[in-house]
*Asks:* 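Take a look at the following structure, please.
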Amino acid sequence: MEYLKAETPPAPPFSPRGPPAALRAFLSGTTVDRLTEAGQVAVRTVPLKVPDRDGEVGTGGEHRAVLLVTEATDADGKINRVTAMRGNRMTVKTSWVPGLPVGTNPFQAVLLVGRAAGNGAPFAAEAEEFLRCSEPPEHNKWGQTEELRLRYSPSSHRRIAALTAATNKAVHDLVALPREKKPGGAGKVRKRFKIKEKADGSRRGSLSIPRLDDLDAAIDPSGAWRVTVTVKITPGGDSWRMTPVAKLQVRSGKRPVVQWAELTPVSNCELVDNALHFRPGTRRAVFRGVTDVTSHPVRSTLSGLVVELQESKGDVA
């Protein structure tokens with residue numbers, strides 16, 4: 001009789017993202033204030049105001065729970081959720097974050113409350129006891145229970161709702177796309193204007209070169225920037241030949257130039273050899289552009305966009 005040796009199945013591939021990665025970064029002290037690069041873990045603290053217990057004044061206080069946020073992909077499982085833990089980092093519940101803007105970078109978050117937030121967290125023991133009283137026998141949520149009502153107050157469960165609201169707001173601050181507002185109040189994704197002129201001549205007589213007047217920018221599902229640009233042109237003189245240049249607004253250092261995947265004239269201009277020609281007498285022109293995502297050194301969601309117009313005289317900027 002021949003015996004075959006049992007084969008051990010290979011271990012699943014290790015994922016550097018998600019709650020385990022967030023906890024490792026927290027315990028090793030390698031968290032950051034904001035997500036600027038792939039693989040980072042951002043940290044915030046959120047308040048939980050623990051009420052007095054059993055009618056004894058001074059048994060409550062403001063606990064600071066620890067929120068950890070890291071980027072994720074669809075392959076990481078449940079995305080855009082917060083996993084709440086207490087005690088020895090036992091998972092109590094996992095919940096969606098509502099109201100996220102379209103285009104938000106996928107993420108996973110961990111909320112450490114009570115003793116899970118560390119021995120140095122203020123009122124950790126008080127928060128631990130308060131949340132334990134708010135859990136049903138299944139220990140799968142925090143809310144109103146008979147023990148919570150008797151030991152604290154009939155309205156003490158509202159402190160948990162306030163913790164949830166503060167957590168969701170902190171997540172929004174960390175992962176939502178930055179927006180700026182026009183004077184009229186319309187929000188735009190990281191809208192930035194900049195004009196750069198070539199050294200060989202920025203004016204013709206008393207005429208100013210065309211300048212950017214409006215920029216509508218958004219990030220598409222592929223990660224490319226899609227822009228619609230309005231250019232204001234001083235009337236008179238000959239036609240202008242301008243080259244649009246796209247750059248990423250990064251946290252520090254020189255702005256990297258990214259390539260255009262598409263440049264499309266919309267009105268009062270035409271594209272010749274990657275340069276825009278504006279017709280004589282034109283006051284405004286519009287063009288659209290899509291950046292080449294393969295030329296991005298960092299993700300669009302971790303940067304802003306700058307569009308410049310450079311005067312071109314037969315060469316391409």
Side-chain angles (χ1 to χ4, degrees), residues 101-103 177-250 254-301 303-317:
V102 175
L177 298 175
R179 292 178 180 270
E180 295 180 1
K181 291 186 177 181
K182 295 181 66 177
K188 292 185 180 295
V189 179
R190 211 77 182 265
K191 187 182 74 174
R192 296 180 182 273
F193 306 132
K194 183 178 177 66
I195 302 296
K196 184 175 181 180
E197 302 165 355
K198 286 211 167 188
D200 54 1
S202 61
R203 296 175 182 271
R204 300 177 187 172
S206 60
L207 297 178
S208 299
I209 68 168
R211 63 181 180 85
L212 294 176
D213 188 57
D214 194 16
L215 171 65
D216 190 2
I219 301 171
D220 70 14
S222 73
W225 283 96
R226 289 184 174 270
V227 299
T228 300
V229 183
T230 302
V231 181
K232 186 175 182 180
I233 306 161
T234 303
D238 300 327
S239 62
W240 291 94
R241 188 172 189 268
M242 308 295 293
T243 300
V245 178
K247 298 183 178 181
L248 296 184
Q249 179 71 41
V250 291
K254 187 178 179 180
R255 293 168 177 163
V257 176
V258 296
Q259 303 302 313
W260 295 108
E262 299 176 23
L263 272 177
T264 306
V266 176
S267 64
N268 296 326
C269 61
E270 58 182 355
L271 186 68
V272 179
D273 296 330
N274 294 323
L276 292 169
H277 289 237
F278 301 105
R279 301 186 181 96
T282 296
R283 291 179 178 270
R284 289 184 183 275
V286 178
F287 70 91
R288 294 194 180 101
V290 181
T291 61
D292 182 356
V293 72
T294 63
S295 69
H296 292 197
V298 296
R299 289 189 179 186
S300 300
T301 50
S303 64
L305 181 70
V306 174
V307 176
E308 301 176 352
L309 282 182
Q310 297 181 355
E311 185 177 7
S312 179
K313 294 185 177 179
D315 58 346
V316 178

*Asks:* What I'd like to find out is whether the side chain of Thr228 reaches to under 4.5 Å of the side chain of Val266, using heavy atoms alone.
*Replies:*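 They are not in side-chain contact.
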*Asks:* For Ser222 versus Val293, what's the shortest heavy-atom pair and its separation?
*Replies:*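 So the minimum-distance heavy-atom pair works out to O-CG2, 3.6 Å.
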*Asks:* Look up atom CH2 in Trp240 and atom CG in Leu309, then write down how far apart they are to the nearest 0.5 Å.
*Replies:*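 Answer rounded to 0.5 Å: 11.5 Å.
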*Asks:* Quick check: closest heavy atoms across Leu212 and Val307, and the distance to 0.1 Å?
*Replies:*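 Result for this residue pair: CD1-O, 2.9 Å.
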*Asks:* So how far is it from Gln259 CD to His296 NE2, rounded to the nearest 0.5 Å?
*Replies:*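 One finds 9.5 Å between CD of Gln259 and NE2 of His296.
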*Asks:* Name all residues meeting the side-chain contact (heavy atoms from CB on, under 4.5 Å) criterion together with Leu271; count only those two or more places apart in sequence or in a different chain, and write none if there are none.
*Replies:*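 Leu271 satisfies side-chain contact (heavy atoms from CB on, under 4.5 Å) with Leu263, Pro265, Leu276 only.
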*Asks:* Test of understanding: with salt bridge (Lys or Arg N to Asp or Glu O under 4.0 Å), list the residues that count as partners of Arg283, not counting sequence neighbours.
*Replies:*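 Arg283 satisfies salt bridge (Lys or Arg N to Asp or Glu O under 4.0 Å) with no other residue.
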*Asks:* Does any part of the side chain of Pro244, heavy atoms only, come nearer than 4.5 Å to the side chain of Asn274, both counted from C-beta?
*Replies:*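 No, too far: nothing below the 4.5 Å cut-off.
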*Asks:* So which heavy atom on Ala246 is nearest to which on Leu305, and how close?
*Replies:*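 Answer, listing the atom of Ala246 first, then Leu305: CB-CD1, 4.3 Å.
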*Asks:* Give every residue pair that meets the salt bridge (charged side-chain N to carboxylate O under 4.0 Å, His left out) criterion with at least one member in residues 217-233, sequence neighbours excluded.
*Replies:*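 For residues 217-233: Asp220-Arg226.
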*Asks:* Determine whether Arg211 and Asp213 make a side-chain contact, defined as any pair of heavy atoms from C-beta on separated by less than 4.5 Å.
*Replies:*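 Yes, at least one pair of side-chain atoms sits under 4.5 Å.
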*Asks:* CZ/Phe287 to OG1/Thr264 distance, rounded to the nearest 0.5 angstrom?
*Replies:*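 That separation rounds to 10.0 Å.
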*Asks:* What's the separation between atom CZ in Arg284 and atom SG in Cys269, rounded to the nearest 0.5 Å?
*Replies:*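 Going from CZ on Arg284 over to SG on Cys269, the span is 13.5 Å.
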*Asks:* Hey, does Trp260 have a side-chain heavy atom less than 4.5 Å from the side chain of Asp292?
*Replies:*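 Not touching, per the 4.5 Å side-chain cut-off.
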*Asks:* With rounding to the nearest 0.5 angstrom, report the CZ to CZ distance, Phe278 to Arg241.
*Replies:*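 CZ of Arg241 is found 11.5 Å from CZ of Phe278.
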